[in-house]
Number of protein chains: 2
Amino acid sequence: MANMKQIAQMARVSIGTVSHVLNNSAGVREHLRRRVLQAVQTARYQPNQLARGLRRDKTDMIGMIIPDITNPFFPAVVRGAEDVAFSNSYRLILCNTDNDHSKELAHLNELHTYLPAGLIVIPSNFSDLTVQAERYRRAGTGVVCVDRLPKNWSGDSVTADNEQGAYDATRCLVKLGHTRLATITGPLHLTNAKERLSGFKRAMREVKLLLNPEYVQETTFDKRGGYLKTLTLLRLLPRPTAIFAGNDMIALGALLAIRELGLNCPKDVSLIGFDDLDLGETTDPSLSSVSQSGYQLGTRAASILLDRIQGDKSPAKHLVLETSLDLRNSVAPPPSGNRVTKPLKRRNRRDGQEIVHATS
Amino acid sequence: MANMKQIAQMARVSIGTVSHVLNNSAGVREHLRRRVLQAVQTARYQPNQLARGLRRDKTDMIGMIIPDITNPFFPAVVRGAEDVAFSNSYRLILCNTDNDHSKELAHLNELHTYLPAGLIVIPSNFSDLTVQAERYRRAGTGVVCVDRLPKNWSGDSVTADNEQGAYDATRCLVKLGHTRLATITGPLHLTNAKERLSGFKRAMREVKLLLNPEYVQETTFDKRGGYLKTLTLLRLLPRPTAIFAGNDMIALGALLAIRELGLNCPKDVSLIGFDDLDLGETTDPSLSSVSQSGYQLGTRAASILLDRIQGDKSPAKHLVLETSLDLRNSVAPPPSGNRVTKPLKRRNRRDGQEIVHATS
DNA sequence: CGGGATAATTGAAACCTTTCAAGGCTGATA
DNA sequence: TATCAGCCTTGAAAGGTTTCAATTATCCCG
């Protein structure tokens, strides 16, 4: 691989001049500049980013840490961030924490030694990002938090209006005539889960509906959690007629559970999710959901970060994006009047089905 | 951030000794070693990876290039690769090419200057990776190709047995009694698409079924492509009774099209996809699919790469993973006998629906 | 044409490691 | 106790860039 020294020789100039041409860091007379560019071309020279980073104390990499690349919502965020970063010639180093606290820590520590220009983080469960981020801040490296915030987070953030989204969804169910509303929340130490629950509660309060505490189930943000907690909910008496799921993965699990118990969505149970993932369009029934644009979350976060990199010293920004309710076939009015509650089918799973049962 | 010099001072040894302790590159007597480790601890020292990489001419990063992070199949591969890489303390730099040739090129070029230890690539459409990879090989950097191969690829590769998988799926449809089988393939310059088509054809040939050339439609590996080509297929006369889709995203699009034309899957049209994505479980009807483990593709690729990094000089490896057929509700025998072909419903899309129509 | 001011160019230091060669120490053997 | 081998330890160079200070070239004005 060619280096600057060789380019300098080819162009019959000093190394310093080559650098100046490449970075526009000082005036260089046209004929020299041309010679340098020429040499760069013919040698297909590309500056060694490690050396450059070492010297500059900063690279053109942006670290991005996400909890689970397997949940389709996060790739959407990544995509957004990548698009903005790439077109500003920053590159993304993507780290997957697998929702594992220690893995997040490891990434956070390591990343630091690559001197990234900034960090975009979707905190994992139990993240103590706040402490870690301090190290980065002290080194002048921006950190933007996306989707959910760790405890005591005071830095830049981009989130959706979770509270309002949940509120809207709940109001919609209420308007359809439901009175026995349940919700399956994500882990309540995550701000987004908490906010969605409080939106749900606000809507209930507003119409003076009583909320049976058993109707609020907390679980992880995945299909399995949704599946298990839905089984729990649907065995309660009286059985809830509508479920607001903390996200679409939970809703997907709910759908499976509803089906398995011989019930029908939306006839017996209405269901609304959160995120409005693409895959909600093709489910049976198609899934209603609170739509938030993961892509936008990503682009906005990257933009804020780029501003910081370019020297924006203004106080922390907290961007909250609007949500909208996307109604499809998974909602309907509750089963008519006081009709006798339909009995549940005996549970009968196919062999080899994948869902693992929790021990607790 | 602390550096080696400070550690050396704290431990009252030379910089060289610190390095030796950290890398086990020479015997260091126990009491000095302890002093160094102590200092490292208290200063929370972490070696600067840029400097290290610069000196060693190689970093602990593995570049991974994928065509579209938004297609759930690829994150699964990433996940696999990441798990293996991470546990061997390599880190993944993920680059998304958006199926864009020039973006792939840009990433390939850039990545080079970060001196990654190796590369895992799922080539994009029209990739001329083969040429690019040469540069890496000359620098002693391994490149492993996953899922599909670019033209003239002679390096390491990990792929699924696309031909056999497609064959099995087709045989299954035939066994159910279908005779008018159609297929929607991915871009045929991609090896995986080509292999799947040839598996399909082999099955047809074996049972001496005639293949109407119009029954083979080529498109991109996404929902929109599947949607459009299914519309085309279902307007042909006689109408095919079964479709083998080149992947699950295409199958998802097909499902939408079938539904939109007022037809029923599986009663009017049977459908089998490829990849066996999670989301196939919750579609209406649930989607049958040729199952290939993206996760395994990823782990295997990473393993091969790690071997190369550790000095494995054996000839290029071509790992081909088995597939299995996962049957769900999207397949059934063809509509009974010579029943009059059901008329198509007039097309009538909801406003604001997202699918964009191609101009051609 | 000389002088000064300004612009262009250069050389070398610095960034933080790794690694090599050289020097120092330890302990054993004679 | 002197010598030697062998192991430890060290200092310095090298890796490729940026950047600062210093030098050189250019230009304009008198």
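Letters A, B, ... mirror the listed sequences (proteins, then strands); counts begin at 1.
- Between Asn3(A) and dG16(D) there is a side-chain N or O to OP1 or OP2 distance below 4.0 Å.
- Rounding to whole angstrom units, CG of residue Asn24(B) and P of dT9(D) are separated by 14 Å.
- The OG1 atom of Thr59(A) lies 11.5 Å from the CZ atom of Arg91(A); values are rounded to the nearest 0.5 Å.
- Two residues are said to be in side-chain contact when any heavy atoms from C-beta on lie closer than 4.5 Å; Val77(A) and Met64(A) meet this criterion.
- Under 4.0 angstrom from either OP1 or OP2 of dT18(D) there lies at least one side-chain N or O belonging to Asn23(A).
- Residues Asn96(A) and Phe86(B) are not in side-chain contact: their nearest non-hydrogen atoms beyond the backbone lie 4.5 Å or more apart.
- Atom CD of Gln310(B) has more than 12 neighbouring heavy atoms from other residues, nucleotides or ligands inside a 6.0 Å radius.
- In this structure, Ile15(B) places its CD1 atom 8 Å from C1' of dC16(C), rounding to the nearest Å.
- One finds no salt bridge joining Asp57(A) and Arg52(A) here, because no Lys/Arg side-chain nitrogen approaches an Asp/Glu carboxylate oxygen to under 4.0 Å.
- A donor and an acceptor atom never sit less than 3.5 Å apart when one is taken from the side chain of Arg55(A) and the other from the base of dT17(D).
- Nearest-nucleotide assignment on DNA chain C puts the 5′-proximal partner with Gly16(A), out of Thr17(B) and Gly16(A).
- When the side-chain nitrogen and oxygen atoms of Ser19(B) are compared with OP1 and OP2 of dT18(C), one or more of them lie within a distance under 4.0 Å.
- Going from atom CD of Glu30(A) over to atom C1' of dT26(D) covers 17 Å, rounded to whole Å.
- Nucleotides of DNA chain D nearest to Val18(A) and Ala26(B) differ in position, and the one nearer the 5' end is that of Ala26(B).
- Nucleic acid contact class of Leu50(B) (heavy atoms, under 4.0 Å, all strands): none.
- A straight line from CG of Asn48(B) to P of dG16(D) spans 17 Å, rounded to a whole angstrom.
- Contact annotation for Asp57(A): no contact, since no heavy-atom pair falls under 4.0 Å across all strands.
- Considering only the side chain of Ala51(A), dT17(D) comes nearest among dT19(C), dT17(D), dT9(C).
- Atom CE of Met4(B) is separated from atom P of dA12(D) by 16 Å (rounded to the nearest Å).
- Under 4.0 angstrom from either OP1 or OP2 of dG11(C) there lies no side-chain N or O belonging to Ser14(A).
- Rounding to whole angstrom units, CD of residue Gln9(B) and P of dT10(D) are separated by 13 Å.
- Around CD of Glu30(B), the count of heavy atoms belonging to other residues, nucleotides or ligands within 6.0 Å exceeds 12.
- The shortest distance between the side-chain N/O atoms of Arg29(A) and the OP1/OP2 oxygens of dT26(D) is below 4.0 Å.
- Distance Arg34(B) CZ to dC8(D) P: 15 Å, rounded to the nearest Å.
- Taking atom CG of Leu54(A) as the reference point, atom P of dG16(D) lies 12 Å away to the nearest angstrom.
- Checking the phosphate oxygens (OP1, OP2) of dT17(C), a side-chain nitrogen or oxygen of Tyr45(B) falls inside 4.0 Å.
- Taking for each of Lys5(B) and His31(A) the nucleotide of DNA chain C with the nearest heavy atom, the 5'-most of the two is the partner of His31(A).
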